[in-house]
Amino acid sequence: METTVTKTGTEDKTWGGGNQPLKVSYGKMMMWFFILSDALTFSGFLASYGFSRFKFIDSWPIADEVFNHFPFLHGVDAPMYYVALMTFILIFSSVTMVLAVDAGHHMKKKKVIFYMFLTIIGGAIFVGSQAWEWKNFIKGEYGAVETKGGQILQFVDGEGHRVGLKDIAIIDSHKDRTQHERKNGIWYKKEGTLPTYTIEEIRTGFAKRKDLLIRTQVLTEKGEKTILSRTESLKRIQADAIGIVEGANLVHNEYGTPLFANFFFFITGFHGFHVFSGVVINIIIFINVILGTYERRKNYEMVEKVGLYWHFVDLVWVFVFTFFYLV
């Protein structure tokens, strides 16, 4: 008795389980699985950010005051302008990726090359822009003073404009500043980089400039930072100020609570790594397109798969942008 063998049409493909799930190839199915798992990861990060912000809702840094730089426009207050430009470039790169995938469906090699090239350029500009944002965030612009309780005190003039530490400090040229070294400590702990100014130099300069006031990180009902009176400011800086904060890192943050800096570095860094990886993968696929690899295969499915990843990265940035910069 002969046994009848049913042909599924998938014997020569990686997926051999019969009918194709959702009518897509094994490769695209695995890309969707990866995107789903990565989406859950980003969701967890953003949910953690949301809970932390809610806990410190009355003292969270104001995005317009943190991200107000623009390349080659030093000293110009441009809140969110450059971030908006970065976002536009990344979204536009998603459009060019769509056009590259569509050109692949029509087997138009030259158009695939052109649109993938634009996508790679857009991704590279975004990664570079994010690195520039990190540099400004880490370096800081005005500086601030930290209190015994870890609160941040900023300086403003009578009109509410920020004033930098360099415009306040009266440097004592007769006083030597020695950095603590590991060999001199009982626990052999090395002191971090010395700040540009000492707390005493800031106190002296603040006392002499009668137009200066202190602005705390506590927000008012209008969502603005609380500005103390001149008397309260003098009392606060004399009694509570213990150190200088310049820029932001994982321990100190001149813009407010260190948690904001921690989340910013981790989430935007994680997303930036995704964009960088996407640029590298796009370059590899781009080279294969030029070499005619997919032309010989009679399909550009690899371009479509990397396109799925690129659209996911763009979509995640929309949520990151909303959480960090808009809300």
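All residue numbers refer to positions in the sequence shown, counting from 1. Just so you know, these numbers use all the heavy atoms, side chains as well, and skip hydrogens, waters and symmetry mates. Only a predicted model underlies this, so the values are computations on that prediction, with no experimental measurement involved.
Under a 4.0 Å N-O distance rule, the pair K166/E141 does not qualify as a salt bridge.
Checked against the 6.0 Å centroid criterion, the rings of Y325 and F67 qualify as a close aromatic pair.
At distances below 3.5 Å, not a single donor-acceptor pair connects side-chain atoms of N253 with backbone N or O atoms of N249. In terms of modelled atom types and a separation under 3.5 Å, the side chain of D167 and the main chain of V163 share no donor-acceptor contact. Without hydrogens or angle criteria, T226 side chain to V218 main chain gives a donor-acceptor distance under 3.5 Å. With hydrogens and angles disregarded, no donor-acceptor distance shorter than 3.5 Å links the side chain of T257 to the backbone of F260. Side-chain N or O atoms of T322 include none that pairs as donor or acceptor with a backbone N or O of L326 at under 3.5 Å. Side-chain N or O atoms of E254 include one that pairs as donor or acceptor with a backbone N or O of G247 at under 3.5 Å. With hydrogens and angles disregarded, no donor-acceptor distance shorter than 3.5 Å links the side chain of R162 to the backbone of Q154. Although no hydrogens or angles enter the test, the distance criterion places a donor-acceptor pair under 3.5 Å between the side chain of T41 and the main chain of S37. Judged by distance alone, with hydrogens and angles left aside, the side-chain atoms of Y309 form no donor-acceptor pair with the main-chain N or O of S277 at under 3.5 Å.
Evaluation of the ring-ring contact (aromatic ring centres under 6.0 Å, His included) rule for H69 yields no partner, not counting sequence neighbours. Applying the side chain to side chain contact (heavy atoms under 4.5 Å, CB included) rule to K208 yields the partners I170, T204; only residues at least two apart in sequence or on another chain are considered. With sequence neighbours left out, the salt bridge (Lys or Arg N to Asp or Glu O under 4.0 Å) criterion links R203 to E200. Evaluation of the side chain to side chain contact (heavy atoms under 4.5 Å, CB included) rule for R53 yields Y49, W60, V327 as partners, not counting sequence neighbours. With sequence neighbours left out, E159 forms a side chain to side chain contact (heavy atoms under 4.5 Å, CB included) with D157, H161. With sequence neighbours left out, D240 forms a salt bridge (Lys or Arg N to Asp or Glu O under 4.0 Å) with R236. Applying the side chain to side chain contact (heavy atoms under 4.5 Å, CB included) test to A78 and every residue at least two apart in sequence or in another chain returns F70, Y81. In terms of the salt bridge (Lys or Arg N to Asp or Glu O under 4.0 Å) criterion, residue partners of R209 (sequence neighbours excluded) are, by chain and number, D211.
W310 and V318 are not part of a single hydrophobic cluster, where members link through side-chain heavy atoms under 4.5 Å apart. Following chains of ILVMFWY side-chain contacts shorter than 4.5 Å, one can reach W134 starting from V316, so the two form part of one hydrophobic cluster. Taking hydrophobic clusters as Ile, Leu, Val, Met, Phe, Trp and Tyr residues chained together by side-chain heavy-atom distances below 4.5 Å, L308 does not share a cluster with F273.
Note: F206 and F155 have tilted aromatic rings, judged against thresholds of 30 and 60 degrees for the angle between ring planes. Using the six-membered ring where Trp is involved, F270 and F42 have ring planes that are tilted, between 30° and 60° apart.
Grouped with V245 in one hydrophobic cluster are I152, the linkage being side-chain heavy-atom contacts under 4.5 Å among Ile, Leu, Val, Met, Phe, Trp and Tyr residues.
With contacts defined as side-chain heavy-atom distances shorter than 4.5 Å, the pair I267/V320 qualifies. Using a 4.5 Å heavy-atom threshold, the side chains of I244 and I199 count as touching.
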Take K139 and E246, measure what salt bridge (charged side-chain N to carboxylate O under 4.0 Å, His left out) needs, and give me the verdict at the end.
-> CA-CA 7 Å; K139 181 182 177 183; E246 295 174 291; over 6 Å; no

N288 vs Y294, side chain to side chain donor-acceptor pair (under 3.5 Å): CA-CA, chis, key distance, verdict = CA-CA 7 Å; N288 283 333; Y294 310 121; 3.2 Å; yes

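Considering every non-hydrogen atom in both V112 and A100, the closest pair reads CG2-O, 3.6 Å.
Judged as a salt bridge (charged side-chain N to carboxylate O under 4.0 Å, His left out), the pairs with a partner in residues 304-314 (not counting sequence neighbours) are, in order, K28-E304, E301-K305. Residue pairs satisfying the ring-ring contact (aromatic ring centres under 6.0 Å, His included) criterion with at least one member in residues 223-255, sequence neighbours excluded, are listed as follows: F137-Y255. Screening residues 90-120 for ring-ring contact (aromatic ring centres under 6.0 Å, His included), with sequence neighbours left out, gives no hits.
Q151 and E146 form no side-chain donor-acceptor contact under 3.5 Å, judged by distance and modelled atom types alone. Side chain to side chain, T119 and T96 meet the donor-acceptor criterion of an N or O pair below 3.5 Å.
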